[in-house]
2 protein chains.
Amino acid sequence: MTDKIDNKLVQGKHNHHRCIDHALQVAEQVCLKKKLRLTKIRRQVLQLICENHKAVGAYELLDLFREFDPNAKPVTIYRSLDFLMDIGLVHKIESQNAFIACLQAEKQHKSVILICGQCKNAFEIDATAVYENLFALSKQAQFEPQYLTLELHGLCVNCQKV
Amino acid sequence: MTDKIDNKLVQGKHNHHRCIDHALQVAEQVCLKKKLRLTKIRRQVLQLICENHKAVGAYELLDLFREFDPNAKPVTIYRSLDFLMDIGLVHKIESQNAFIACLQAEKQHKSVILICGQCKNAFEIDATAVYENLFALSKQAQFEPQYLTLELHGLCVNCQKV
DNA sequence: CTTTAAAATGTAATATTATAACATTTCATT
DNA sequence: AATGAAATGTTATAATATTACATTTTAAAG
Ligand SMILES: [Zn+2]
Ligand SMILES: [Zn+2]
Ligand SMILES: [Zn+2]
Ligand SMILES: [Zn+2]
């Protein structure tokens, strides 16, 4: 399984095993704390999402998952995604119908997802100030803000040259 | 056709005929300027989107459109939506797979869409500062920003009470 | 006024994304 | 061991969107 990881594909050079391990450890912690069950299926789905930093579609994930269970059905993936999203371990990229693992699920965060249109890598950076700004703006318009969809499309540093 | 408009449904009280007329006039102007063809079908689709300020799905739109042409197919709607979105007359709300008419298509604008989770009304307010902030932030992360998906979910003023 | 080529539309089929409904199994607790 | 809630299995289907190719409409040229 680990030999599928292709470090050339991820944003910047880094030991990607650490990302996966960290994400899985955080997942354990979060579930322990909330008394939720990180079952085998859920862990496998999370692991697959973590295999690179690209946004991954549910059916793409299903194909990958079928190496664990050839008979897996869409609903299995969607159920796991729902579970993982509910507890903040996975984010949905609405503009792509795709999913990424959150790399900072252990702490509360208000972030923008930067999505490279070329390589599809997606990563989060803090945008707390932006949230505050927008919430304030919307309140001025007598709107009661609840949650924000914030996705910035562009080119990552690796894809800008040429 | 006009007697379908229900002003109780729209954000605040206003003469909704003006919204439709304005949107259609702007559409004419934009197409004239860009030498594009605002065909009957495209105008009808835009008109239907304008009939209220709610986000409307493509198939919902198709149902409405079938009062013009009972044999209309999904692709007709999607083609018109693509055309209207390309020239900024319509925006897609990614988090809802739904569409709204832009009320300020005549001028360049950087806005956030405020979406009421209760009544589904959606309207835009200016967010130029937020764009600049985010673009600057992302550049610091060596990301080249291109376009932003910015959708704020919450409750509109009419839906906050009780 | 024809010819022509591009744009728009018609038509059918299909791809992609996501959920509903109900049966069965697993698991923690009693 | 009994119990009930949570998770999973299984089947079907809903909802959203696109592809491919035929035909018609339109604007512009000759
Ligand atoms: Zn996150
Ligand atoms: Zn890239
Ligand atoms: Zn707009
Ligand atoms: Zn409302």
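Keep in mind that the numbers below use all heavy atoms, side chains included, and drop hydrogens, waters and symmetry copies. All chains are named by letter (A, B, ...) in the order of the sequence lines, taking the proteins before the strands, and each is independently numbered beginning at 1.
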Connected via hydrophobic side-chain network under 4.5 Å: B:Leu62 and B:Ile41: yes
Is there side-chain contact between A:His53 and A:Leu103, with at least one heavy-atom pair below 4.5 Å? yes
Test item: A:Glu151 side-chain N/O and A:Ile93 main-chain N/O as donor-acceptor pair under 3.5 Å: no
Kindly give the heavy-atom pair with the smallest separation between B:Lys110 and B:Asp126, and that separation in Å. O-OD1, 3.5 Å
Check whether any side-chain N or O of B:Lys54 sits under 3.5 Å from a backbone N or O of B:Cys119 as a donor-acceptor pair, and report yes or no. yes
Are A:Ile100 and A:Ile113 side-chain neighbours, meaning at least one heavy-atom pair lies under 4.5 Å? yes
Specify the residue among A:Ala58 and B:Asp69 whose closest nucleotide of DNA chain C lies further upstream toward the 5′ end. B:Asp69
Starting at atom CG of A:Asp86, determine the distance to atom C1' of D:dA7, rounded to an integer number of angstrom. 14 Å
Taking only heavy atoms on the protein side, list every residue of residues 29-42 of chain B lying under 4.0 Å from any atom of DNA chain C, sorted numerically. B:Arg37, B:Thr39, B:Ile41, B:Arg42
Show each protein N/O and nucleotides 10-14 of chain D N/O combination with a separation under 3.5 Å, one pair to a line.
none

Assess, by modelled atom type and distance only, whether the side chains of B:Thr149 and B:Glu94 contain a donor and an acceptor separated by less than 3.5 Å. no
I need the CG-C1' distance between B:Leu81 and D:dT18, as an integer number of Å. 13 Å
Relative to each other, are the rings of B:His109 and B:His91 parallel, tilted or perpendicular (30° and 60° limits)? perpendicular
Flag, side chain of B:His22 to backbone of B:Ile20, donor-acceptor distance under 3.5 Å: no
Covered region of DNA chain C, 5' end to 3' end, by chain A [heavy atoms, under 4.0 Å]: C:dT17 to C:dC27
Please determine whether residues A:Leu36 and A:Val90 belong to a single hydrophobic cluster, defined as Ile, Leu, Val, Met, Phe, Trp and Tyr linked transitively by side-chain heavy-atom distances below 4.5 Å. yes
